[in-house]
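Data first, discussion second: the structure below is written as structure tokens.
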There are 2 protein chains.
Amino acid sequence: MLTIGKLAVASGVKIPTIRYYEQIGLLPAAERSPGNQRLYARDALKRLAFIRHARELGFTLEAIRDLLGLSDRPDQSCFEVDAIARAQLRAVEGRIARLQALKSELERMIDRCAGGTISACRVIEVLGNHTHCAADHGRDGQDCHAVSE
Amino acid sequence: MLTIGKLAVASGVKIPTIRYYEQIGLLPAAERSPGNQRLYARDALKRLAFIRHARELGFTLEAIRDLLGLSDRPDQSCFEVDAIARAQLRAVEGRIARLQALKSELERMIDRCAGGTISACRVIEVLGNHTHCAADHGRDGQDCHAVSE
DNA sequence: CTAATCTCTCTAGCAACTAGAGGTTCAAGG
DNA sequence: CCTTGAACCTCTAGTTGCTAGAGAGATTAG
């Protein structure tokens, strides 16, 4: 049986976070010592590792809750698991595309800011200007409004 | 003079968000009508466009506050602006790298979950397992703890 | 047995908004 | 001129995923 501190070290999840996960029902209520301190078995470590890794993969706690719920019913089709993972993949791909557009814009900004004074520097100008939206990240149109003057 | 609603439509920033930005000092307190309603001039639109675009680029409100502060002193060197933009670029590149690792892991997960039952599906197993960390996104070592059993 | 180190609960805070309650002001139509 | 309805006001509280601190109790090493 591990105390919460050992579990925190072993899992890489901080103590208040573990208690938080218990509070919101991601982890079952831990056993307690006679003095009311939490005690964990090995499977808590597994569950925490699962949560931690899923968080690193960008799953929300809600998605993780779903996955954990599914894994408690191991005879079902993994259709739902697959759907969750695919949705997650799409979200990740979207984030990557967006960040790559942002990266090239930042690079252009830095190129234009070559040691001059702010009044000559294009960074702030570029940031105030939406004319690049269509070319750079206008794929999701609802995110880029025209600011016509 | 624009009312807050028109400004919201023109800028693509929601009304409560505009008020929030005023509250935290990103926007100066707006002029008011005799009946206490906010009135904005054109330059508020520019400032909001700046904030909005910078937010889209992933700048935090604190970084934006810095940038706005700098742009109020246009005679200085843009050294600081450049530094902020470069730091932001590094952060964006890090996020992209991380997301790409996550993407390939999700793809592998989905491949392994080919229509079977959950007990045969590797998604959950992969998520509970840190053995791929070194290969996939172990660049930032402090994020991947061994969970040896 | 005592001191140091955990751990407990509870409350409050972070970013960056969003939503709602309950009340006021404005612009247009009759 | 008056009314109606949309837009606005302030204020509080909620969101997600934690993190920090206070003040009290538990456990363990020497």
Side-chain angles (χ1 to χ4, degrees), chain A residues 1-27 29-40 44 47-68 87-88 91 95 98 102 142-143 145, chain B residues 1-27 29-40 44 47-48 50-68 88 91 95 98 102 142-143 145:
Chain A
M1 286 296 189
L2 302 164
T3 59
I4 198 169
K6 314 288 181 197
L7 181 65
V9 170
S11 67
V13 176
K14 288 175 188 161
I15 291 175
T17 306
I18 295 172
R19 291 198 277 243
Y20 171 71
Y21 287 163
E22 178 181 318
Q23 189 193 317
I24 64 170
L26 270 191
L27 292 176
E31 283 183 63
R32 298 296 180 118
S33 76
N36 199 37
Q37 301 196 347
R38 288 174 180 81
L39 294 174
Y40 296 93
R47 202 171 174 99
L48 252 188
F50 178 96
I51 295 170
R52 177 174 153 74
H53 206 172
R55 286 293 297 139
E56 282 171 9
L57 284 167
F59 289 84
T60 65
L61 291 183
E62 264 327 290
I64 293 169
R65 192 192 298 278
D66 289 348
L67 287 170
L68 285 169
Q88 203 61 30
R95 274 187 265 165
R98 188 157 186 81
L102 307 188
Q142 109 268 16
D143 252 10
H145 301 248
Chain B
M1 285 297 189
L2 301 165
T3 59
I4 198 170
K6 314 286 181 201
L7 181 65
V9 170
S11 67
V13 176
K14 288 174 188 160
I15 292 175
T17 306
I18 295 172
R19 291 198 277 242
Y20 171 71
Y21 286 164
E22 177 180 319
Q23 190 193 317
I24 64 170
L26 270 191
L27 292 176
E31 281 184 64
R32 298 296 181 119
S33 76
N36 199 36
Q37 301 195 347
R38 288 175 181 81
L39 293 175
Y40 296 92
R47 203 170 173 99
L48 251 189
F50 178 95
I51 294 170
R52 177 175 151 73
H53 207 172
R55 285 294 297 137
E56 282 171 8
L57 285 168
F59 290 85
T60 66
L61 291 183
E62 264 326 290
I64 293 170
R65 191 191 299 277
D66 288 349
L67 287 170
L68 285 170
Q88 203 61 29
R95 273 187 264 165
R98 185 153 189 84
L102 307 187
Q142 109 269 15
D143 252 10
H145 299 248

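What you are looking at is a predicted structure, and each value in this text was computed from that prediction instead of being measured. Side chains are part of it too, since the values below use all heavy atoms of this structure and drop only hydrogens, waters and symmetry mates. A, B, ... follow the sequence lines: proteins, then strands. Residue 1 opens every chain.
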- Does B/Y21 put a side-chain nitrogen or oxygen below 4.0 Å from OP1 or OP2 of C/dA16? no
Rounded to whole Å, CG of A/L26 lies from P of D/dT16 at a distance of 12 Å
Regarding the side chain of B/S33, the nearest nucleotide among C/dC8, C/dT18, C/dC26 is C/dC26
inquiry  = Any heavy-atom pair between the side chains of B/Y21 and B/I64 that's under 4.5 Å?
reply    = no
Checking C/dA16, C/dT9, D/dT27 against the side chain of B/T60 (C-beta onward), the nearest is C/dA16
- Item | Full working for side chain to side chain contact (heavy atoms under 4.5 Å, CB included) between B/R38 and B/E31 | CA-CA 6 Å; B/R38 288 175 181 81; B/E31 281 184 64; over 6 Å; no
Side-chain contact check for B/R55: nearest option of C/dA16, C/dC26, D/dC18 is C/dA16
To the nearest angstrom, the CD1-C1' distance between B/I24 and C/dA15 comes to 9 Å
Check: Quick one: does A/V13's side chain get under 4.5 Å of A/I51's, heavy atoms only?
Finding: no
Taking C/dT18, D/dC18, C/dT9 as options, the one with an atom nearest any side-chain atom of A/L61 is D/dC18
From CD1 of A/I51 across to P of D/dC18 the rounded distance in Å is 10 Å
note: B/Q37, atom CD; C/dT24, atom C1'; distance rounded to Å ~ 8 Å
Checklist entry - According to a strict under-4.0 Å criterion, is B/R32 in side-chain N/O contact with OP1 or OP2 of C/dT25? => result no
Closest to the 5' end of DNA chain D, once A/G35 and B/T3 are matched to their nearest nucleotides, is B/T3
On DNA chain C, more 5' by nearest nucleotide between B/K14 and A/I15 is A/I15
Whole-Å distance, B/R65 CZ to C/dA16 P, equals 10 Å
Separation of C/dC17 atom C1' from B/Q23 atom CD, nearest Å, is 11 Å
Atom CD1 of A/I4 and atom P of D/dA26 are separated, to the nearest Å, by 17 Å
Of C/dC26, C/dT9, C/dT18, the nucleotide closest to the side chain of A/R38 is C/dT9
Of the candidates D/dC9, D/dT27, D/dT19, the side chain of A/T17 sits closest to D/dT19
Would you say C/dC8 has OP1 or OP2 under 4.0 Å from some side-chain N or O of A/R19?
yes
Atom NZ of A/K6 and atom C1' of D/dT27 are separated, to the nearest Å, by 11 Å
On a heavy-atom basis, the closest approach of A/S11 and A/I18 is OG-CD1, 4.5 Å
Taking D/dT19, D/dT10, C/dA16 as options, the one with an atom nearest any side-chain atom of A/P16 is D/dT19
Tightest non-hydrogen contact, residues A/E22 and A/A30, listed as OE1-N, 3.6 Å
Nearest heavy-atom approach of A/T60 to A/R55 is CA-NH1, 3.9 Å
From the candidates D/dG17, C/dA16, C/dC8, the one with an atom nearest any side-chain atom of B/Y20 is C/dA16
